[in-house]
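Here is the naming used below: chain letters follow the sequence lines, and residue numbers restart at 1 for every chain.
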Amino acid sequence: MKNVPKSNFQSTVYSVVASIPRGSVATYGQIAELAGRPGAARAVGTCMRNNKDTHTVPCHRVVASNGTLAGYAYGDGLSTKKKLLQKEGVSFKTNGTTVDLKANQWQPKRSR
DNA sequence: CGACTGACCTCGC
DNA sequence: GGCGAGGCCAGTC
């Protein structure tokens with residue numbers, strides 16, 4: 001059944017990613033920080049790769065710090081990821097592989 | 001239990 | 001502004 005969190009960290013990461021509102025995107029570093037482990041962006045990516053529930057954990061809403069689509073282990077990869085984001089109302093740059101963070105980056109608390 | 005990898009991030013040239 | 005190397009965290013083999 002769906003994904004079965006083995007570690008607390010993974011569970012936290014899933015909760016954060018699942019908390020991202022539709023039409024917004026968050027960076028790995030931001031998720032890692034919200035998960036309680038700032039700087040563990042790689043660990044977040046590791047968990048996402050093992051993620052089995054793309055519907056419960058919209059990993060496609062997670063992008064790199066610069067807004068570029070890091071990766072996607074489902075569908076056609078980044079192509080599907082980009083398509084999903086566009087369907088949710090996320091704006092993309094001219095290259096077509098970068099998200100407009102200043103317009104779609106998720107802000108959990110409205111700070112900084 | 002030990003070591004390598006990986007959907008990253010930041011600094012340097 | 002683009003390319004390259006190093007470092008940090010967690011997971012999997």
* Going by number, which of residues 82-105 of chain A have a non-hydrogen atom under 4.0 Å from DNA chain B? -> none
* Structure fact -> Within residues 19-29 of chain A, those residues having any heavy atom closer than 4.0 Å to DNA chain B are A/Tyr28, A/Gly29
* Provide the start and end nucleotides, 5' to 3', of the part of DNA chain B that has atoms under 4.0 Å from heavy atoms of chain A. => B/dG6 to B/dT10
* Would you check if A/Arg49 and A/Tyr72 make a side-chain contact, meaning some heavy-atom pair closer than 4.5 Å? => no
* Can you find a heavy atom in the side chain of A/Val13 that is under 4.5 Å from one in the side chain of A/Val16? -> no
* Asked: Going through the distances and angles, do A/Val62 and A/Val17 end up as a side chain to side chain contact (heavy atoms under 4.5 Å, CB included)?
  -> CA-CA 8 Å; A/Val62 188; A/Val17 178; 3.9 Å; yes
* Asked: Should A/Arg61 and A/Arg22 count as side-chain neighbours, where that means a heavy-atom distance under 4.5 Å?
  -> yes
* To do: Could you tell me whether the side chain of A/Leu69 reaches within less than 4.5 Å of the side chain of A/His60, counting heavy atoms only?
  => no
* Which residue, A/Asn66, A/Thr27, A/Val90, forms the side chain to side chain contact (heavy atoms under 4.5 Å, CB included) with A/Val99? -> A/Val90
* Structure fact -> chain A vs DNA chain C, heavy-atom contacts under 4.0 Å, first-to-last nucleotide span, 5' to 3', is C/dG7 to C/dT12
* Asked: Can you name the side-chain hydrogen bond (donor to acceptor under 3.5 Å, both in side chains) partners of A/Asp100, sequence neighbours left out?
  -> none
* Roughly how far apart are A/Thr97 OG1 and A/Lys81 NZ, rounded to 0.5 Å? -> 11.5 Å
* For A/Gly67 and A/Leu101, work out which heavy atoms get closest and say how close. => N-CD1, 3.3 Å
* List the steps and the verdict of side chain to side chain contact (heavy atoms under 4.5 Å, CB included) for A/Asn104 and A/Leu85. => CA-CA 10 Å; A/Asn104 294 284; A/Leu85 291 170; over 6 Å; no
* Within the distance-only criterion (no hydrogens, no angle test), does the side chain of A/Gln30 pair as donor or acceptor with the backbone N or O of A/Gln105 below 3.5 angstrom? -> no
* Report which part of the nucleic acid A/Arg37 touches: base, sugar-phosphate, or nothing (heavy-atom distance under 4.0 Å, all strands). => sugar-phosphate
* A/Gly39 or A/Ala43: which one's nearest nucleotide on DNA chain B is closer to the 5' end? -> A/Ala43
* When you measure from the side chain of A/Arg37 to the backbone N and O of A/Phe9, does any donor-acceptor pair fall under 3.5 Å? -> no
* I would like to know whether A/Tyr14 and A/Met48 meet side chain to side chain contact (heavy atoms under 4.5 Å, CB included); could you show each step before the answer? => CA-CA 8 Å; A/Tyr14 287 142; A/Met48 295 287 102; 3.8 Å; yes
* Starting from the 5' end of DNA chain C, give me the residue, A/Arg42 or A/Asn8, whose nearest nucleotide shows up first. => A/Arg42
* In Å and rounded to the nearest 0.5 Å, what is the CZ to OG1 distance from A/Phe92 to A/Thr68? -> 10.5 Å
* Structure fact -> In A/Asn51, A/Asp53, A/Ile31, A/Leu84, the residue satisfying side chain to side chain contact (heavy atoms under 4.5 Å, CB included) with A/Cys59 is A/Asn51
* **Contact list for DNA chain B against residues 65-77 of chain A - heavy-atom distance below 4.0 Å** => A/Ser65, A/Ala70, A/Gly71
